[in-house]
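We use all heavy atoms of the structure for the numbers below, so side chains are in, but hydrogens, waters and symmetry mates are not. Numbers here simply count residues along the sequence, with the first being 1.
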Amino acid sequence: MLATTPAAAFDLELYERLLREHTREVSDAAGVRVDYAALRRSEDWRRLVASLSASDPTQLAERSQRLAFWIDAYNVLAIELVVRNQPRESIRDIGTLFSPVWKREAGRIAGRPYSLDEIEHDILRPLGEPRIHAAIVCASVSCPSLAREPYRAETLDARLDASLRRFLADPRKGSRLDPARGTLVLSSIFDWFAGDFAAAGGALPFLSPHLPEATRAWLLPRAGRVRLAYFDYDWSLNALEAAP
């Protein structure tokens with residue numbers, strides 16, 4: 001069955017099945033790991049990438065449809081970059097200093113080549129939804145854990161909220177409160193893309209409703225007196241075979 005959107009060539013049901021079959025929940029910081037070796041052997045994975053290439057997102061009229069489509073497209077093409085370029089210890093190993101992986105062609109959509117940078121910075125971020133930073137996954141341990149089902153327009157708002165809460169609930173890479181130092185440690189993502197939260201008064205005001213309850217309670221009487229720090233980013237590949 002094909003996806004019921006104007007970009008109907010993109011087979012969401014096949015994508016969901018592949019995620020269930022070839023990703024695993026894990027206890028380490030990756031949260032979810034991907035069996036890239038199995039996907040490399042999978043004819044169904046090649047069919048999925050072909051379905052993405054045949055889709056036409058220009059027909060998507062609603063913002064929620066565009067957001068869901070391009071989040072899924074980013075995640076599929078990040079996986080595809082690793083699938084095509086195994087073995088690697090990090091997705092960044094696919095690129096070079098002068099030709100980083102983010103700017104290389106990741107795949108085709110509507111027959112046109114796209115890089116991960118183009119999808120993230122030219123398409124997704126201008127849609128004005130900061131929660132995308134808890135949904136797009138660049139195949140690395142410190143990224144938000146990969147969702148094991150596609151994002152869909154009809155459930156997008158609830159899914160983005162859930163993804164952000166899950167990311168911030170992980171004290172290894174999302175957020176960790178250090179009350180003794182008066183410090184909240186956050187993912188470096190919220191530092192790199194601080195401008196995306198400016199409309200909400202900054203990253204902390206935007207994130208606060210989604211933080212763990214104990215962290216919110218500690219922050220409430222200390223508004224404006226919290227020091228922010230950021231985790232080092234672990235770019236190790238979130239590959240299943242690389243799990244500790």
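Between N85 and V101, every side-chain heavy-atom pair lies at or beyond the 4.5 Å cut-off. Between L52 and Y15, the closest side-chain pair of non-hydrogen atoms is not below 4.5 Å. In this structure the side chain of L14 never reaches within 4.5 angstrom of the side chain of W45, judged on heavy atoms. Looking at L116 and Y74, their side chains come closer than 4.5 Å, going by heavy atoms from C-beta outward.
Cation-pi contact between R66 and W70: absent, since separation from the ring centre below 6.0 Å together with deviation from the ring axis within 45° is not met.
Looking at R24 and D35, no side-chain N of the basic residue comes within less than 4.0 Å of a carboxylate O on the acidic one, giving no salt bridge. Electrostatic pairing of D170 and R176 does not count as a salt bridge here, judged by no charged N lying under 4.0 Å from a carboxylate O. With respect to R46 and E43, a salt bridge is recorded, a charged nitrogen being found less than 4.0 Å from a carboxylate O. A salt bridge between D44 and R17 is present, with a side-chain N of the basic residue lying under 4.0 Å from a carboxylate O of the acidic one. With respect to the salt-bridge test (charged N to carboxylate O, under 4.0 angstrom), the residues E241 and R88 do not qualify.
Not a single side-chain hydrogen bond (donor to acceptor under 3.5 Å, both in side chains) links E149 to another residue, sequence neighbours left out. Among residues two or more places apart in sequence or in another chain, the side chain to side chain contact (heavy atoms under 4.5 Å, CB included) test is passed with T23 by L19, V32, V34, L146, R148. Remark: R41 pairs with no residue by the side-chain hydrogen bond (donor to acceptor under 3.5 Å, both in side chains) rule, at least two apart or across chains. Checked against side-chain hydrogen bond (donor to acceptor under 3.5 Å, both in side chains), W102 has no partners two or more places apart in sequence or in another chain.
Not a single donor-acceptor pair under 3.5 Å links the side chain of S53 to the backbone N or O of A50. Listed for the S51 side chain is a donor-acceptor partner under 3.5 Å among the backbone atoms of L48. In terms of modelled atom types and a separation under 3.5 Å, the side chain of E129 and the main chain of R131 share a donor-acceptor contact. A side-chain donor-acceptor contact under 3.5 Å links T96 to the backbone of S99. Remark: the backbone N or O of E89 is not paired with any side-chain donor or acceptor of R92 at under 3.5 angstrom. A distance-only check finds no donor-acceptor pair linking the side chain of R40 to the backbone of V82 [under 3.5 Å]. Side-chain atoms of N75 come within 3.5 Å of backbone atoms of A135 as a donor-acceptor pair (strictly under, hydrogens ignored). Under the 3.5 Å distance criterion, the side-chain polar atoms of D93 are matched with a main-chain donor or acceptor of S90.
Note: the hydrophobic cluster containing V185 does not contain L228 (ILVMFWY, side chain heavy atoms under 4.5 Å, direct or indirect links).
Using modelled atom types and a 3.5 Å distance limit, the side chains of Y36 and N238 yield a donor-acceptor pair. Using modelled atom types, one finds a donor on one side chain and an acceptor on the other under 3.5 Å when comparing S163 with Y151.
If you take CG on L219 and CG on L184, they are separated by 6.0 Å, rounding to the nearest 0.5 Å. Rounding to the nearest 0.5 Å gives a distance of 8.5 Å between CD1 of I123 and CG of L127. Once rounded to the nearest 0.5 Å, the distance linking OG of S27 with CZ of R33 reads 9.5 Å. Note: D234 CG to K173 NZ = 9.0 Å, rounded to the nearest 0.5 Å. The CD1 atom of I91 lies 8.5 Å from the CH2 atom of W235; values are rounded to the nearest 0.5 Å. The distance from atom OG1 of T215 to atom CG of L168, rounded to the nearest 0.5 Å, is 9.0 Å.
Annotation for A78 and C138: closest pair CB-CA, 4.3 Å, computed over non-hydrogen atoms. P144 and I136 get closest at one heavy-atom pair: CD-O, 3.9 Å. Taking every heavy atom of both residues into account, V141 and L237 meet most closely at CG2-O, 4.0 Å. Taking every heavy atom of both residues into account, C143 and V137 meet most closely at CB-CG1, 3.8 Å. A pairwise comparison of heavy atoms in F190 and L164 identifies CZ-CD1, 4.2 Å as the closest pair.
Each salt bridge (Lys or Arg N to Asp or Glu O under 4.0 Å) pair with one or both residues in residues 99-112, not counting sequence neighbours, appears once here: K103-D117, E105-R108, R112-E118.
The aromatic rings of Y233 and W192 lie tilted to each other, with the angle between the two planes from 30° to 60°.
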Per-pair distances, 0.1 Å, donor-acceptor, side chain in residues 193-209, under 3.5 Å, sequence neighbours excluded:
from, atom 1, to, atom 2, distance (Å)
D196, OD1, R125, NE, 3.3
D196, OD1, R125, NH2, 2.8
D196, OD2, R125, NE, 2.9
D196, OD2, H133, NE2, 2.7
S208, OG, L204, O, 2.7

